[in-house]
Amino acid sequence: MTTVNQHDSTPSRDDSVRDDDANRFDFAAIQEKWMARWEETLPYATDELGDTRPRKYILDMFPYPSGDLHMGHAEAFAYGDIVARYWRLQGFNVLHPIGWDSFGLPAENAAIKRGIDPRGWTYDNIAQQKASFKRYGNSFDWSRELHTSDPEYYKWNQWLFLKLYEKGLAYRKDSWVNWDPVDQTVLANEQVLPDGTSERSGAVVVKKKLTQWYFKITDYADRLLDDLNQLEGSWPSKVLAMQRNWIGRSIGAEVDFVIEGHSKPVSVFTTRPDTLFGATFMVVAPDSDLAAELAAGSTAEVQKAFAAYLEQVQKSTEIERQDAGREKTGIPLDRWAINPVNGERIPVWAADYVLADYGHGAVMGVPAHDQRDLDFALKFGFEVRVVVDTNAPVTGALPVITPEMLESGEVPPLDPVTTGKALGGDGRLINSGPLDGLSKSNAIKRVIELLESAGTGRAAKTYRLRDWLISRQRYWGTPIPILHAEDGSLHPVPEDQLPVELPPTEGLDLKPKGASPLGAATDWVNVTLPDGSAARRDPDTMDTFVDSSWYFLRFLNPNDPDRAFDPADVEKWAPIDQYVGGVEHAILHLLYARFITKVLFDLGYISFTEPFSAVLNQGMVLMDGTKMSKSKGNLVEFASELNAHGADALRLTMAFAGPPEDDIDWADVSPAGSAKFLARAWRISGEVTSKPEVEWKGGEIALRRQTHHLLADAPGLMEAFKFNVVVARLMELVNAIRKAIDTGPGAGDPGVREAIEVVTVLLSMFAPHTAEEMWERLGYTGSVSAAGMRKPDATLLVEESVTAIVQVDGKVRDKLEVSPTISADELEKLARATAGFVRAVGDREIVNVIVRAPRVVNVATKG
RNA sequence: GCGGGAGUGGUGGAAUGGUAGACACGCAGGAUUUAGGUUCCUGUGCCGCAAGGCGUGUGGGUUCGAGCCCCACCUUCCGCACCA
């Protein structure tokens, strides 16, 4: 079947010809042809030597190879590719690499289920995804492909780990961790969903006390937070907000309370040190070490009650704990704390509304000014002492409040006990000795000064962000390059002995059992230190988010055996100009990558502190309003869509569906409609009878204007990610060309050739196979991707005439065709003469005339 | 509760404060066709025979003019949440 002709010399509207093979748009044949061509010519390999063009680094979040690509990939990778192709057309040297995030639990779980090696499963999936990407026409530089599960890659994870270890940023600690009882491994805080279940397995996460490796991301909390300001405008505001929220910096003070009979004072963190005189009790987290110590030093009765309470708390799930309307619980410890500012003796309780891992795991209870403390005080009968008059204005004179004003509700009563509402607002301090009369913010400053001079407190910040737990008790990950000597000392594996390769799976039971399967690989785990003593390898592997925290640097020198990346190449390409991926990585991956980038900056390897200059989050692909899933029976398969409509129609559908950030409901879009448009455009490319050398100037002027307006508008639209609008404009231009051929100057008009060539060049971003084919049919031999974006001719952008609207009282009453250079007076004169104007104004009085030549005349009337 | 978005035809969506609904899907009609499909053309916000009127979640405001800016509210989606 001859589906593709260089030159269809008989453009004809005759149906007998139209139905011929040569005039039928055979997307499958076109796709095959160009796929094979690109396989030979490798047009998207980034060749460095002597290339003086400016650079762009466009990156898609690399995929996890679980099965074939799905519709979500089809969307995200279409957008990334469109952006990459756009910058290539604009004359940039574009780096657009691809790799595989190929370590991780799904491979291991699949391996266990089927009794196979996770390697085989993973690399088979990669082969499948790779083939799909090639069919999809992604303009990747395949020569830079990387796999995080290759020793050549994970060697550098280990190198990175050692660098953090040297800097004291990788450390071991014994603490309560999130334990996934199904996957039998620990999870990072970020991997526990809000409902307390595991992001991976869905199991309810439990707490377990373990010694684990951590990265000290909290050292970078301020920088991770403050540097977000630089990204304002080029990152989605939602992602910025989520990161700020996650880091969760609170500014306030630490206050030291002496506990009677306890050697060390107990510090509490508070954002409201101004309310210190209103503290009537103290609460510690029941699962904190502090609570255990305080209980241990109390009566036998308290010890027993405490043990029972602790057990009850630990049995309750995260879901129960997070029920906001839950009644407060707690028990007295029969211990007493001394308020450092007034010497008052206040009782210490344990209650689970205080969290062990935030602040110091202890709070001062100020029931009048904190809702949680108030709820607790009302239940257990603590004094509620108002120390901020929230009715008092912060500036100016104090008001006189009469009983009538309180009665009428004009002024709310300062009575939290009766209202049940804590007084959280600003006001003036009362019942607070030296702070009386001060505003909230002044009182905070003053009380910190008093505490600091007395040595019983200080200004302090605290964060919601926790250190990053990176140990995983699983096989399919990067081994942690640390040796444990028999005396318990830690010995980093020397850099020249990296990588520490994973042992083969033969003989290993990968089934989760609470400890890493690597511990059972006797030959692998037992080693000898240089002094001849015995040691064991650390059997845990790293969180795969370590792999993805720096992979964008490895793309620059993916095959360099001597270093993770070449600083000179990093200088040339990084940071990434445009990162494209799902919002599901808004916190985890992006935060970790930002952290590691800052660490590498501090280590002197790179010169920038933010890895991603701009981020685009694509929406989701839905079906009938919901997420696709096999169980719901609404799954749309990428492969079957690709077979049915072709890569170009699919890509075009993604681009045309709407703004990239919005969800696409596959039931609402029409890949068949996209294919129809492509066929329409392709058909025109075969009908054009002029030669490539033809002089544009003689072309039909209206069509030429439309062509050049599109050239003028396209860059701005593309850079604002308004792909749908660009596609709409291409459709308009194709419709105009169709009309020009059928009922205008005909297929030989130079303007027709110019227009369809511009369509072809722009279309190459969305539908690369079709565009290449059209380019060839138009008589060119090179790739359209190298054709470059044409410049609009400024003289064609000036309109010959514009439509002016005539408004009366803001309503359109008539229209005029006028010169774009018309004067205001002239326009007003013409407007007053229009029929619509005369009819609308009637005999009413004109009170105002606004003229904005050449677009609008608006007349305001009276009566 | 805190934070971030979003509300425009039957549908997806356009619209530097200046003609609301570009473009497409769907639908209707026509041409071609033995027929279907394809292709091409025309129409398609709502009410109304028409003239005309009404229309961007609701109510206010600014303006000659508001889908767009400001205030209040409603609905909805997403993220976080006993974070001291």
Side-chain angles (χ1 to χ4, degrees), chain A residues 13-16 18-19 23-25 194 236-246 248-250 252 268-273 275 283 285 321-326 328 351-355 357-366 369-373 375-376 424 462-465 583-584 586-587 653 656-659 661-674 676-677 679-680 683 716 722 724-735 738-739 742-743 803-815 847-852 855-861:
Chain A
R13 312 270 341 278
D14 186 288
D15 277 12
S16 63
R18 175 146 296 174
D19 264 8
N23 252 324
R24 184 178 296 137
F25 179 64
S237 56
K238 180 184 178 178
V239 174
L240 294 174
M242 283 168 74
Q243 294 228 348
R244 288 190 178 108
N245 204 307
W246 190 262
R249 180 166 64 197
S250 292
V268 303
F269 175 77
T270 177
T271 54
R272 293 293 305 275
T275 63
V283 186
R321 272 196 78 148
Q322 290 183 358
D323 180 0
R326 201 170 67 113
K328 292 276 182 292
D352 71 352
Y353 81 91
V354 175
L355 308 175
D357 62 354
Y358 186 76
H360 297 283
V363 302
M364 61 179 198
V366 185
H369 302 288
D370 182 279
Q371 189 62 45
R372 296 151 301 180
D373 293 344
D375 295 343
F376 193 70
T462 190
Y463 306 87
R464 214 186 81 99
L465 183 70
V583 73
E584 66 272 19
I587 296 171
T653 301
F656 187 52
E661 316 82 48
D662 289 4
D663 291 346
I664 298 174
D665 192 328
W666 205 245
D668 290 333
V669 297
S670 173
S674 300
K676 190 171 120 180
F677 165 69
R680 235 166 115 78
R683 212 171 292 121
K722 294 186 174 200
N724 56 331
V725 179
V726 175
V727 174
R729 297 284 297 274
L730 284 170
M731 289 172 168
E732 285 181 286
L733 188 51
V734 165
N735 290 343
R738 180 79 265 153
K739 203 162 260 170
D742 291 348
T743 58
T803 306
I805 53 163
V806 182
Q807 293 181 323
V808 177
D809 296 321
K811 287 185 176 147
V812 178
R813 296 301 180 186
D814 219 319
K815 296 171 193 178
V847 292
N848 194 6
V849 180
I850 306 288
V851 183
R852 292 282 178 274
R855 290 285 175 194
V856 68
V857 176
N858 190 12
V859 169
T861 66

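Throughout, a chain's letter reflects where its sequence line sits, starting with A, and its residues are numbered from 1.
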My understanding is that only residues two or more places apart in sequence, or in another chain, count here; which of them pass side-chain contact (heavy atoms from CB on, under 4.5 Å) with [X]?
X: T803(A); result: K815(A), E817(A)
X: N245(A); result: none
X: V851(A); result: A824(A), L827(A), E828(A), V849(A), V857(A)
X: T271(A); result: S250(A), F269(A)

Check every atom of [options] against the side chain of [X] and return the nucleotide holding the closest atom.
X: S670(A); options: rC25(B), rA20(B), rC82(B); value: rC25(B)
X: D370(A); options: rC80(B), rC23(B), rA84(B); value: rA84(B)
X: R680(A); options: rA15(B), rC40(B), rA24(B); value: rC40(B)
X: A241(A); options: rG3(B), rC40(B), rA84(B); value: rG3(B)
X: K739(A); options: rG4(B), rU42(B), rA84(B); value: rU42(B)
X: I805(A); options: rA22(B), rG18(B), rA84(B); value: rG18(B)

Spacing between [X] atom [atom1] and [N] atom [atom2], to the nearest angstrom:
X: Q371(A); N: rG1(B); atom1: CD; atom2: P; result: 12 Å
X: D665(A); N: rC25(B); atom1: CG; atom2: C1'; result: 13 Å
X: N245(A); N: rG4(B); atom1: CG; atom2: P; result: 10 Å
X: R729(A); N: rA15(B); atom1: CZ; atom2: P; result: 11 Å
X: K722(A); N: rA14(B); atom1: NZ; atom2: P; result: 7 Å
X: M364(A); N: rA84(B); atom1: CE; atom2: P; result: 12 Å
X: R244(A); N: rG79(B); atom1: CZ; atom2: C1'; result: 14 Å
X: M242(A); N: rA81(B); atom1: CE; atom2: C1'; result: 13 Å

Identify the pairs formed between an N or O of the protein and an N or O of nucleotides 7-13 of chain B at a distance under 3.5 Å, and give each distance.
residue	atom	partner	partner atom	Å
rU11(B)	O2'	D668(A)	OD1	3.3
rG12(B)	O2'	A657(A)	O	2.8
rG13(B)	O3'	N724(A)	ND2	3.2

If we call it a pair only when both distances are under 3.5 Å in a Watson-Crick or G-U wobble match, what pairs with [N]?
N: rG17(B); result: none
N: rG43(B); result: rC27(B)
N: rA72(B); result: rU58(B)
N: rA81(B); result: none
N: rU63(B); result: none
N: rG37(B); result: none

What is the glycosidic conformation of rG9(B): syn, defined as within 90° of 0, or anti? syn
Is the distance from OP1 or OP2 of rA84(B) to the nearest side-chain N or O of S250(A) less than 4.0 Å? yes
Residue among V727(A), V669(A), I664(A) satisfying side-chain contact (heavy atoms from CB on, under 4.5 Å) with T653(A):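 Single pass found, and it is V669(A).
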Contact state string [nucleotides 52-65 of chain B, B base, S sugar-phosphate only, - no protein heavy atom under 4.0 Å]: SSS---------BS
Tell me every residue that passes salt bridge (charged side-chain N to carboxylate O under 4.0 Å, His left out) with [X], counting only those two or more places apart in sequence or in another chain.
X: R852(A); answer: none
X: D662(A); answer: none
X: R813(A); answer: none

Taking the P atom of each, how far is rC41(B) from rA50(B), in whole Å?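 Straight-line distance between the two P atoms is 28 Å.
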Separation between the P atoms of rG5(B) and rU11(B), rounded to whole Å: 26 Å
